[in-house]
Amino acid sequence: MAKRPVLTPQSEDFPRWYQDVINKAELADNGPVRGTMVIRPYGYGLWERMQSEMDDRIKACGAENAYFPLFIPESYLTKEAEHVEGFSPELAVVTHAGGKDLEERVVVRPTSETVIGEFMAKWTQSYRDLPLLLNQWANVVRWELRPRTFLRTTEFLWQEGHTAHATREDANVYARRILHEAYADFMVNVLAMPLHLGIKPSYDRFAGAINTMACEAMMRDGKALQMGTSHELGQNFANAFDITYQSVEGVQETVWTTSWGTSTRMIGGLIMCHGDDKGLRVPPALAHIQAAVLLIRDEDGAGEVASKLHDELVEAGVRSRLDAQVDTPFGRRATDWELKGVPVRVEIGPRDVAENKVTIVRRDTGEKQPVGIDIAAATIRGLMEEIQITLHDEALAFRDANTAEASTVAEALEAAKTGFATVPWSVVADAEKELAADAVTVRCIQRADGTVPDDEDEDDLVAICARAY
RNA sequence: CGGGGAGUGGCGCAGCCCGGUAGCGCACCUGCUUUGGGAGCAGGGGGUCGCAGGUUCGAAUCCUGUCUCCCCGACCA
C-alpha cells in the first residue's frame with residue numbers, strides 16, 4: 001500500500017523535513033512562549049545520553065561540576081565591555097518581582113562567565129588553587145529573533161565549562177584539550193559526526209575572548225553547524241572580576257581564564273547530519289534505544305521468543321526495547337521505529353519462529369537479514385560497532401563529496417552554494433562583507449594538515465567557508 | 001522597523017465575496033474484522049469560529065478597533 005511519504009523528502013524542502021522529523025519522531029514541541037521548546041521523552045533521552053558521555057569526558061579532563069544561579073545582577077554583565085556589547089541585544093531582564101519594581105535589575109543568564117568570574121575571584125587566593133576547573137549543566141536564555149527548534153532557541157540546555165589558570169600557556173593548552181578530548185572525541189566517536197576543528201576569525205570571536213576555537217560539522221543540505229566552542233578569554237574577565245592569586249614568589253598575579261560550551265543544538269546537528277527520508281538515524285554509541293525487538297504477532301510462541309531475545313540483549317549490554325504492542329499494525333510500528341532512528345530492529349513473528357530465526361533490519365542501510373535465534377544477540381551486538389562506523393564514514397564521504405577547493409573569493413562563493421569551500425585564509429581574510437553578502441561565512445581556520453593553528457597570522461592557513469545555521 | 005499573509009475541535013484546512021448559530025482530513029474513543037511495511041468497516045466524543053464593540057430579527061461571514069502569530073527584508077548567532 002503505497003502511501004504518501006511519511007516525511008517531506010529532504011530534496012524537496014530540507015527545513016520542512018527537519019521539522020517533520022522533530023514532530024514525527026516525537027523529539028520536541030514548540031513551547032507557548034515564542035522560541036521556547038518542550039523536549040519530549042525521546043528527544044530528552046538523546047540529550048541524557050549526550051550529557052552522560054560528555055560528562056565523563058569533561059571529568060576525565062579534570063573539571064568538576066558545580067551550579068551557579070540563573071539570575072545575575074545586571075551590573076555583572078557590564079563589567080566586561082565586549083561581553084556586554086555582545087550579549088545585550090538578546091538579554092532577558094527581570095525588572096519586576098515580588099510585586100514591585102526591582103532596585104537592581106536582574107538578567108537571566110545568557111552564559112555564566114560573569115557570575116562564575118565573581119566567585120573564582122573569591123576562591124582563587126594562592127597558586128595552589130590553580131588551575132580551577134569548573135563545569136555546569138544548566139539552562140540559559142538568549143532572546144533570539146529567528147528561533148529554530150534545537151538549533152537556536154530562546155532557552156536551551158547546555159554545559160558550560162569555566163576554568164582559571166596561572167599562565168596563558170596553561171589556559172591555551174586546556175582550552176585545546178577540551179576541544180579535542182571532550183568535544184571532538186565525543187562528536188566523532190559517539191555522534192559519528194566528522195568535524196572541522198579550527199579557530200574563528202578574530203572578528204567572529206566570542207564576546208570577550210582572545211581566541212575562539214570551534215567544531216564545525218556539515219549537515220545534509222551542505223550547510224555548516226557549529227557544534228561546540230572553546231574560548232581562551234585571556235585576562236579580560238580576570239581583570240573585570242579581579243581574579244588574582246599569589247604566586248610561589250609571593251607576587252599578586254592575574255589568572256587566565258577559558259570557557260567552553262556545547263548545547264542541545266547538538267541534537268539538531270545529529271538530526272541533520274545522519275537523518276534520511278525515513279527519519280532520524282541515531283548512532284548506536286549514542287542511542288538510548290539501540291535495538292527494538294518488534295513482536296509481529298503473538299502466535300506459535302513468538303511472544304516468548306521475542307521476550308527472551310530482549311532479555312538476552314540486555315544481558316549482552318545492548319540497550320533493547322521490547323515492542324509487543326500487537327494491536328498496533330506491524331507497518332505502523334516499523335515506520336515509527338525508523339522515524340526514531342533506532343539502529344537495529346528485530347522482527348519476530350510466527351514465520352520466523354517456525355524457521356528458528358529472527359529478522360534483523362539495519363536502520364543505516366535498510367538491509368534485512370534472517371539470523372538464527374541462537375546467534376541473534378551476538379549478531380546484533382556486533383552490528384552496533386558496524387553501524388557506528390557506517391554512519392560516520394557515510395557522513396565523511398558526504399562531506400568530502402560536497403567540499404571544493406577554491407582559490408578566489410568568487411570560487412569560494414560558488415562552492416558554498418552547495419557545501420564547504422576550502423580556500424587560503426589569505427584570500428578571504430579581508431572578504432568578510434563580500435562573503436556575507438551571499439550569506440557565506442568563514443566557519444573556521446585550520447592549518448593545511450587540518451590541525452588547529454595558534455592564531456590567524458600563521459602562514460599557509462586554510463579557511464573553511466560555508467553557509468551556516 | 002518596512003512589505004506580505006493568517007487567526008475556525010489536538011494538528012492541518014474549507015466555509016466568509018452572495019449573513020440564517022460549523023464542516024472536512026488526520027488524530028482520539030467504542031466494537032468487530034485485521035496484523036510480515038503508516039489497517040478496514042461501523043458507530044461516537046470534542047469547537048461556537050483570536051479578542052472587544054457595532055450593524056442586523058439573525059454575524060465565522062459585513063463594519064470599527066485591538067491583540068497575537070507566520071513569511072520576506074532588516075537586525076542578530
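A, B, ... follow the sequence lines: proteins, then strands. Residue 1 opens every chain.
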Those residues that, when tested against A:Arg142, pass side chain to side chain donor-acceptor pair (under 3.5 Å) (two or more places apart):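 Testing A:Arg142 for side chain to side chain donor-acceptor pair (under 3.5 Å), a comparison that skips the adjacent residues, returns none.
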Would you measure the distance from the [atom1] atom in [N] across to the matching atom in [M] and give it in whole Å?
N     : M     : atom1 : result
B:U8  : B:G12 : P     : 8 Å
B:C63 : B:G25 : C1'   : 34 Å
B:G47 : B:G38 : P     : 34 Å
B:U48 : B:A59 : C1'   : 12 Å
B:U64 : B:U55 : P     : 15 Å
B:U21 : B:G58 : C1'   : 9 Å
B:A52 : B:C26 : P     : 33 Å
B:G20 : B:G7  : C1'   : 24 Å

Taking N or O atoms only and anything under 3.5 Å, show me the protein contacts with nucleotides 67-70 of chain B, one pair per line.
{"residue": "B:C70", "atom": "OP1", "partner": "A:Arg34", "partner atom": "NH1", "Å": "2.5"}
{"residue": "B:C70", "atom": "OP2", "partner": "A:Arg34", "partner atom": "NH1", "Å": "2.5"}

With A:Leu339 as reference, evaluate A:Asn23, A:Asp20, A:Leu7, A:Leu27 under the side-chain contact (heavy atoms from CB on, under 4.5 Å) test and give the passing residue.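 So the option named by the test is A:Leu7.
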Measure from [atom1] on [X] to [atom2] on [N] and round the result to the nearest Å.
X        : N     : atom1 : atom2 : result
A:Asp298 : B:U35 : CG    : P     : 14 Å
A:Asp29  : B:A27 : CG    : C1'   : 14 Å
A:Glu26  : B:C11 : CD    : C1'   : 14 Å
A:Arg332 : B:G38 : CZ    : P     : 10 Å
A:Asp20  : B:C26 : CG    : P     : 18 Å
A:Leu339 : B:G37 : CG    : P     : 17 Å
A:Gln19  : B:C71 : CD    : P     : 10 Å
A:Arg40  : B:G10 : CZ    : P     : 16 Å

Earlier contact from the 5' end, RNA chain B, for A:Pro329 and A:Pro350: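 Per heavy-atom nearest nucleotide, the more 5' residue is A:Pro350.
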State, without any angle test, whether [X] and [Y] hold a side-chain donor-acceptor pair at a distance under 3.5 Å.
X        : Y        : answer
A:Thr114 : A:Glu80  : no
A:Arg109 : A:Thr111 : no
A:Glu155 : A:Thr36  : no

With both distances under 3.5 angstrom, what nucleotide forms a Watson-Crick or G-U wobble pair with [N]?
N     : result
B:C1  : B:G73
B:A52 : B:U64
B:A59 : none
B:A39 : B:U33
B:C13 : B:G23

Please determine, for the side chain of [X], which listed nucleotide ([options]) has the closest atom?
X        : options             : result
A:Lys368 : B:G36, B:G38, B:G37 : B:G37
A:Asp336 : B:G37, B:G38, B:G36 : B:G38
A:Arg351 : B:G36, B:G37, B:G38 : B:G36

Need one value for [X]: base, sugar-phosphate or nothing, where a base atom within 4.0 Å counts as base even if backbone is also close, heavy atoms only.
X        : answer
A:Arg148 : nothing
A:Asp327 : nothing
A:Asp352 : base

Parallel, tilted or perpendicular: rings of A:Tyr183 and A:Trp260 (30°, 60°):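 Geometry flag for A:Tyr183 against A:Trp260: perpendicular rings.
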hbond_proxy A:Arg333 side chain to B:G36 base (donor-acceptor, 3.5 Å cutoff):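 It does not, because no donor-acceptor pair links the side chain of A:Arg333 to the base of B:G36 below 3.5 Å.
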On a plain distance test, is the side chain of A:Lys278 in donor-acceptor contact with the base of B:G38 below 3.5 Å?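 Looking at the base of B:G38, it does not pair with any donor or acceptor on the side chain of A:Lys278 (distance under 3.5 Å).
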Restricting to nitrogen or oxygen on both sides, can you table the protein-nucleotides 75-77 of chain B pairs closer than 3.5 Å?
{"residue": "B:A77", "atom": "N1", "partner": "A:Arg443", "partner atom": "NH1", "Å": "3.4"}

Going through the checks in order, is the side chain to side chain donor-acceptor pair (under 3.5 Å) test met by A:Thr335 and A:Arg333? CA-CA 5 Å; A:Thr335 308; A:Arg333 292 184 289 150; over 6 Å; no
What are the two closest heavy atoms between A:Leu195 and A:Ala184, and how far apart are they?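 Scanning both residues completely, I find the closest heavy atoms to be CD1-CA, 3.7 Å.
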If you take the centroid of each ring, where Trp contributes its six-membered ring, are A:His162 and A:Phe68 closer together than 6.0 Å?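 No, too far apart.
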Do A:Trp143 and A:Val108 come close enough that some side-chain heavy atom pair is under 4.5 Å?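 No, side chains not in contact.
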Over 12 foreign heavy atoms within 6.0 Å of CD, A:Glu85: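 No, the 6.0 Å shell around CD holds no more than 12 heavy atoms from other groups.
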Inspect the contact between A:Arg332 and A:Asp327 and indicate whether a charged nitrogen and a carboxylate oxygen are less than 4.0 angstrom apart.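 So A:Asp327 does not pair with A:Arg332 through a salt bridge.
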